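Numbers for residues simply follow the sequence, beginning at 1. Not measured: the values here are computed from a predicted model. Note that these values count all heavy atoms, side chains included, but never hydrogens, waters or copies made by symmetry.
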Amino acid sequence: MYTGIKHFHSGLAYLLLAGLVIAIIYAIASRKKSFTAGSRKIALIGLICAHLQFLLGIVLYFLSPLGASNFSGDAMKEKVSRLYIIEHPLMMLIAVVLVTIGYSRAKKLSSNTKKYNSIILFYSIALILMLSVIPWNVWP
């Protein structure tokens, strides 16, 4: 079960990154246009992927020998252990919250430009945070 969830989590990461990039590029290209149901759905793809990825990450955090079971003072002194125990989960939580805020604000704002700007700003910050804590050395 652990191996399957780990592979699914790794594979979904590609879809998440692609979904965020597509939503950001679409929002940049559509700034002057009206915010349609299609625009909302493109942003929703990034939101759904982020939430699904985070849920899988939580499960993986408690199943993985590198996650919660590895938590100790000695593990905090090692760069890789600290990444898996604290840095990666915390930054991903912040990134998912930012994606959620960006999507929610885009739904509530009145101006089309503000809606697109909300997606651009929050999704871009979330993407940068995600890219900064991906464990690149083990990523396929």
Side-chain angles (χ1 to χ4, degrees):
M1 184 165 100
Y2 164 69
T3 306
I5 292 174
K6 182 179 172 185
H7 288 297
F8 190 41
H9 184 70
S10 295
L12 187 60
Y14 290 108
L15 290 176
L16 170 58
L17 295 176
L20 290 178
V21 168
I22 289 169
I24 292 166
I25 291 171
Y26 182 83
I28 290 170
S30 303
R31 265 187 177 160
K32 307 254 189 241
K33 299 177 185 175
S34 64
F35 194 83
T36 63
S39 305
R40 187 185 58 79
K41 288 177 186 175
I42 289 175
L44 183 62
I45 291 170
L47 177 78
I48 290 171
C49 287
H51 282 239
L52 183 59
Q53 179 75 349
F54 187 71
L55 287 175
L56 283 171
I58 290 172
V59 172
L60 196 57
Y61 184 73
F62 290 104
L63 290 178
S64 172
L66 299 171
S69 63
N70 192 29
F71 193 82
S72 69
D74 292 333
M76 290 293 114
K77 295 175 185 172
E78 297 176 35
K79 184 179 177 182
V80 174
S81 295
R82 189 176 58 245
L83 174 71
Y84 285 113
I85 296 169
I86 296 290
E87 294 170 0
H88 182 77
L90 182 61
M91 290 300 241
M92 291 301 176
L93 172 63
I94 293 168
V96 170
V97 168
L98 287 171
V99 168
T100 305
I101 290 169
Y103 180 78
S104 297
R105 281 190 53 171
K107 284 188 348 184
K108 293 177 184 177
L109 291 170
S110 58
S111 166
N112 290 323
T113 305
K114 289 181 181 179
K115 289 179 181 191
Y116 285 121
N117 286 342
S118 176
I119 291 171
I120 293 167
L121 176 67
F122 286 98
Y123 280 37
S124 296
I125 294 170
L127 181 63
I128 291 167
L129 287 177
M130 287 178 188
L131 291 173
S132 72
V133 292
I134 289 175
W136 294 105
N137 57 338
V138 296
W139 219 42

Listing request: all salt bridge (Lys or Arg N to Asp or Glu O under 4.0 Å) pairs with a residue in residues 90-116, at least two apart in sequence or in separate chains.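 Not a single pair qualifies under salt bridge (Lys or Arg N to Asp or Glu O under 4.0 Å).
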
At what distance, to the nearest 0.5 angstrom, does [atom1] of [X] lie from [atom2] of [Y]?
| X | Y | atom1 | atom2 | answer |
| --- | --- | --- | --- | --- |
| Ile94 | Ile101 | CD1 | CD1 | 10.5 Å |
| Ile119 | Leu20 | CD1 | CG | 11.0 Å |
| Leu60 | Leu55 | CG | CG | 12.5 Å |
| Lys41 | Ile48 | NZ | CD1 | 11.0 Å |
| Leu93 | Leu129 | CG | CG | 11.0 Å |
| Glu87 | Arg82 | CD | CZ | 5.0 Å |

If you take all heavy atoms of [X] and [Y], which pair is closest and at what distance?
| X | Y | value |
| --- | --- | --- |
| Ser34 | Ser39 | O-OG, 4.1 Å |
| Val99 | Ala50 | CG1-CB, 4.4 Å |
| Ser30 | Tyr116 | O-CE1, 3.0 Å |
| Phe54 | Pro89 | CE1-O, 4.1 Å |
| Ala95 | Ala126 | O-CB, 3.4 Å |

side-chain contact (heavy atoms from CB on, under 4.5 Å) between Leu17 and Leu131: does it pass, once the steps are laid out? CA-CA 9 Å; Leu17 295 176; Leu131 291 173; 4.1 Å; yes

Are [X] and [Y] joined in one hydrophobic group, where the rule is that I, L, V, M, F, W and Y side chains link up if heavy atoms are under 4.5 Å apart?
| X | Y | value |
| --- | --- | --- |
| Met92 | Ile45 | no |
| Ile58 | Met130 | yes |
| Ile134 | Ile125 | yes |

Quick one: do the Ser118 and Tyr103 side chains pair a donor with an acceptor below 3.5 Å? no

So do the side chains of Leu47 and His51 get within less than 4.5 Å of each other, counting heavy atoms only? yes

Do you know which of Ile24, Leu98, Ile128, Ile22 makes side-chain contact (heavy atoms from CB on, under 4.5 Å) with Tyr123? Ile24

As a test of understanding, state which of Leu121, Leu127, Ile120 forms a side-chain contact (heavy atoms from CB on, under 4.5 Å) with Ser124. Ile120

Using modelled atom types and a 3.5 Å cut-off, is there a donor and acceptor pairing between side-chain atoms of [X] and backbone atoms of [Y]?
| X | Y | value |
| --- | --- | --- |
| Tyr61 | Ile85 | yes |
| His88 | Val133 | yes |
| Ser10 | His7 | no |
| Gln53 | His9 | yes |

Between Val97 and Thr100, does a side-chain contact (heavy atoms from CB on, under 4.5 Å) hold up when you go through it step by step? CA-CA 5 Å; Val97 168; Thr100 305; 5.6 Å; no

